[in-house]
Amino acid sequence: MGRAIIILCSLIFTLIPLSQIEGTEKNLSTWESFITQYNWLVMDEKYELADRLLNNRLPEMEQYVQTLSPRHQDTWRQLNETPAINSETKRSEQIIAFIEIFTSSQPHEIVREKLEVLSSSIENPQNSSLELNELWENISPAVSTIYEGEIVDTVRVSFNKLTVKDSMNERKQLIAHLNKIKQKDDGIAGDAVIWTAFIVGGTILITLLYVSLRQFKSRSKIRHMIKSDNS
């Protein structure tokens with residue numbers, strides 16, 4: 001019975017997560033290939049081909065989003081309520097960013113990377129406020145899905161101020177607001193470490209309890225046999 005408990009715990013803490021990872025690796029690599037191909041087409045200014053590629057994969061995206069949380073599905077629904085995809089709208093870039101982030105095994109890390117790129121772009125005075133706002137708008141639906149509305153709204157307001165009056169002071173404040181979002185990522189990473197330690201510690205504790213219980217039963221049996229012999 002005790003061995004069965006240990007085997008069951010091992011299955012829960014190791015085999016199940018591994019099977020989930022193995023089952024999704026192929027799908028994740030497929031999405032990565034699609035995103036890479038789309039980005040290459042955009043870089044080559046082949047917008048019509050890029051839009052065609054995106055439209056062809058929309059049904060698959062819809063099916064994938066149905067496996068995500070209701071909040072993710074709400075964001076996806078809002079993206080699809082915008083006008084049809086074409087090279088003159090931002091919807092396609094928002095969809096690509098959404099899929100890139102939420103098909104990743106580490107969505108928070110992808111968001112962190114994109115925020116760091118955005119911060120670096122803000123520091124460059126050659127980038128206009130309109131260009132910076134466009135970069136933010138591309139990732140803002142996905143960012144809003146992950147983080148609290150208040151912190152995202154603060155960034156959005158800061159971008160509006162920058163559009164009205166572009167100054168180094170406004171840019172510094174905007175970077176500070178983006179850093180607050182990245183600090184949220186640090187907290188999430190810390191929670192992941194805590195959960196990992198909890199799972200590993202829990203497995204070790206159960207194993208030690210089982211061994212102690214076996215030793216206690218064995219010693220009790222020996223004492224009982226000694227008492228029986230003496231009597």
A.B. asks: Tell me if the CD atom of Q66 is crowded by more than 12 foreign heavy atoms within 6.0 Å.
C.D. replies: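 Counting other residues, nucleotides and ligands, CD of Q66 exceeds 12 neighbours.
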A.B. asks: Between S158 (side chain only) and T154 (backbone N and O only), is there a donor and an acceptor less than 3.5 Å apart?
C.D. replies: no
A.B. asks: Please evaluate residues R71 and D74 with respect to the criterion salt bridge (charged side-chain N to carboxylate O under 4.0 Å, His left out), reporting the C-alpha separation (whole Å), side-chain torsions for both, the decisive distance (0.1 Å), and the verdict.
C.D. replies: CA-CA 5 Å; R71 184 166 182 171; D74 287 341; over 6 Å; no
A.B. asks: Got a donor-acceptor contact below 3.5 angstrom from the N127 side chain to the S121 backbone?
C.D. replies: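 Between the backbone of S121 and the side chain of N127 there is a qualifying donor-acceptor contact (under 3.5 Å).
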A.B. asks: Step by step, would you call V143 with K114 a side chain to side chain contact (heavy atoms under 4.5 Å, CB included)?
C.D. replies: CA-CA 10 Å; V143 175; K114 290 184 177 296; over 6 Å; no
A.B. asks: Linking I/L/V/M/F/W/Y whenever any side-chain heavy atoms sit under 4.5 Å apart, do L53 and W40 land together?
C.D. replies: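 Cluster IDs for L53 and W40 differ.
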A.B. asks: Checking the side chain of E131 only, and the main-chain atoms of S128 only, is there a donor and an acceptor separated by less than 3.5 Å?
C.D. replies: yes
A.B. asks: Rounded to the nearest 0.5 Å, how far apart are CG of D44 and CG of L49?
C.D. replies: 10.0 Å
A.B. asks: Find out if a path of hydrophobic residues (ILVMFWY) with successive side-chain heavy-atom gaps under 4.5 Å connects L79 to L58.
C.D. replies: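 Same cluster: L79 reaches L58 through Ile, Leu, Val, Met, Phe, Trp or Tyr contacts under 4.5 Å.
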A.B. asks: Within the supplied structure, the quantity of interest is the number of heavy atoms (other residues, nucleotides, ligands) at a distance under 6.0 Å from E148 CD; does it exceed 12?
C.D. replies: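 Count not over threshold, so no.
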A.B. asks: Between CD1 of I175 and NZ of K182, what distance do you get to the nearest 0.5 Å?
C.D. replies: 8.5 Å
A.B. asks: Hey, what do you get for CH2 (W76) to CD (Q94), rounding to the nearest 0.5 Å?
C.D. replies: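 The CH2 atom of W76 sits 11.0 Å away from the CD atom of Q94.
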A.B. asks: Look at the side chain of D166 and the backbone N and O of L162, then say whether any donor-acceptor pair between them is shorter than 3.5 Å.
C.D. replies: no
A.B. asks: Applying side chain to side chain contact (heavy atoms under 4.5 Å, CB included), run through E137 and N133 and close with a yes or a no.
C.D. replies: CA-CA 6 Å; E137 288 295 330; N133 189 67; 3.9 Å; yes
A.B. asks: For L118 and L135, work out which heavy atoms get closest and say how close.
C.D. replies: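 Scanning both residues, the minimum pair turns out to be CD1-CB, 3.8 Å.
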A.B. asks: Using a 6.0 Å cut-off, check whether atom CD of E134 has over 12 heavy atoms from anything other than its own residue.
C.D. replies: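 No, CD of E134 has 12 or fewer neighbouring heavy atoms, counting only those of other groups under 6.0 Å.
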A.B. asks: Keeping N124 on the side-chain end and Q126 on the backbone end, is there a donor-acceptor pair under 3.5 Å?
C.D. replies: yes
A.B. asks: Could you check K172 against N169 for side-chain hydrogen bond (donor to acceptor under 3.5 Å, both in side chains), going step by step and ending with a plain yes or no?
C.D. replies: CA-CA 5 Å; K172 289 180 180 179; N169 183 50; over 6 Å; no
A.B. asks: Counting only heavy atoms from other residues, nucleotides and ligands, does the tally under 6.0 Å from CD of Q106 exceed 12?
C.D. replies: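 Atom CD in Q106 is not packed in, count stays at 12 or less.
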A.B. asks: I would like to know whether H72 and S69 meet side-chain hydrogen bond (donor to acceptor under 3.5 Å, both in side chains); could you show each step before the answer?
C.D. replies: CA-CA 5 Å; H72 291 77; S69 71; 2.4 Å; yes
A.B. asks: Which atoms form the tightest heavy-atom contact between R171 and S129, and what is the distance?
C.D. replies: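 Where R171 meets S129 most closely, the heavy atoms are NH2-N, 4.2 Å.
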A.B. asks: How far apart are the C-alpha atoms of I139 and V111, what are their side-chain angles, what is the distance that settles it, and do they pass the side chain to side chain contact (heavy atoms under 4.5 Å, CB included) test?
C.D. replies: CA-CA 8 Å; I139 64 173; V111 170; over 6 Å; no
A.B. asks: Heavy-atom distance under 4.5 Å between the side chains of R57 and T30, does that happen here?
C.D. replies: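 Yes, side chains in contact.
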A.B. asks: Does T103 use its side chain to pair, donor to acceptor, with the backbone of I99 at less than 3.5 Å?
C.D. replies: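 Yes, because the side chain of T103 sits within donor-acceptor range (under 3.5 Å) of the backbone of I99.
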A.B. asks: Does Y38 reach the main-chain N or O of D51 with its side chain, forming a donor-acceptor pair under 3.5 Å?
C.D. replies: no
A.B. asks: Identify the two heavy atoms, one from A142 and one from F102, that lie closest to each other, and give their separation to 0.1 Å.
C.D. replies: O-CZ, 3.6 Å
A.B. asks: Hey, mind stepping through Y47 and L41 against side chain to side chain contact (heavy atoms under 4.5 Å, CB included) and telling me if it holds?
C.D. replies: CA-CA 7 Å; Y47 302 114; L41 289 173; over 6 Å; no
A.B. asks: Where does the angle between the aromatic ring planes of F34 and W31 fall among parallel (under 30°), tilted (30 to 60°) and perpendicular (over 60°)?
C.D. replies: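 F34 vs W31 ring planes: perpendicular.
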A.B. asks: Strictly distance-based, threshold 3.5 Å: is any side-chain N or O of Q73 a donor or acceptor partner for the main-chain N or O of L68?
C.D. replies: yes
A.B. asks: Please check if the side chain of T145 supplies one atom and the backbone of P141 the other of a donor-acceptor pair under 3.5 Å.
C.D. replies: yes
A.B. asks: Measure the CG-CD1 distance between L178 and I151 for me, rounded to the nearest 0.5 Å.
C.D. replies: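 Taking CG in L178 and CD1 in I151, the distance rounds to 9.0 Å.
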A.B. asks: Is any side-chain N of the basic residue among D153 and R156 closer than 4.0 Å to the acidic one's carboxylate O?
C.D. replies: yes
A.B. asks: Roughly how far apart are I122 CD1 and L132 CG, rounded to 0.5 Å?
C.D. replies: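 These two atoms lie 5.5 Å from each other.
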A.B. asks: Of the non-hydrogen atoms in K165 and E170, which two are nearest, and what is the gap between them?
C.D. replies: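 Here K165 and E170 meet closest at O-CG, 3.5 Å.
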A.B. asks: Quick check: closest heavy atoms across S104 and P107, and the distance to 0.1 Å?
C.D. replies: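 Taking S104 first and P107 second, the nearest heavy atoms are O-CD, 3.5 Å.
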A.B. asks: Do other residues, nucleotides or ligands put more than 12 heavy atoms under 6.0 Å from M168 CE?
C.D. replies: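 Counting neighbours around CE of M168, more than 12 heavy atoms of other residues, nucleotides or ligands fall under 6.0 Å, so yes.
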A.B. asks: Would you give the length of the straight line joining atom CG of N80 to atom CE of M61, rounded to the nearest 0.5 angstrom?
C.D. replies: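 CE of M61 is found 9.5 Å from CG of N80.
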A.B. asks: When the ring planes of H108 and Y147 are compared, do they come out parallel, tilted or perpendicular, using 30° and 60° as the limits?
C.D. replies: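 Ring orientation, 0 to 90° scale: perpendicular.
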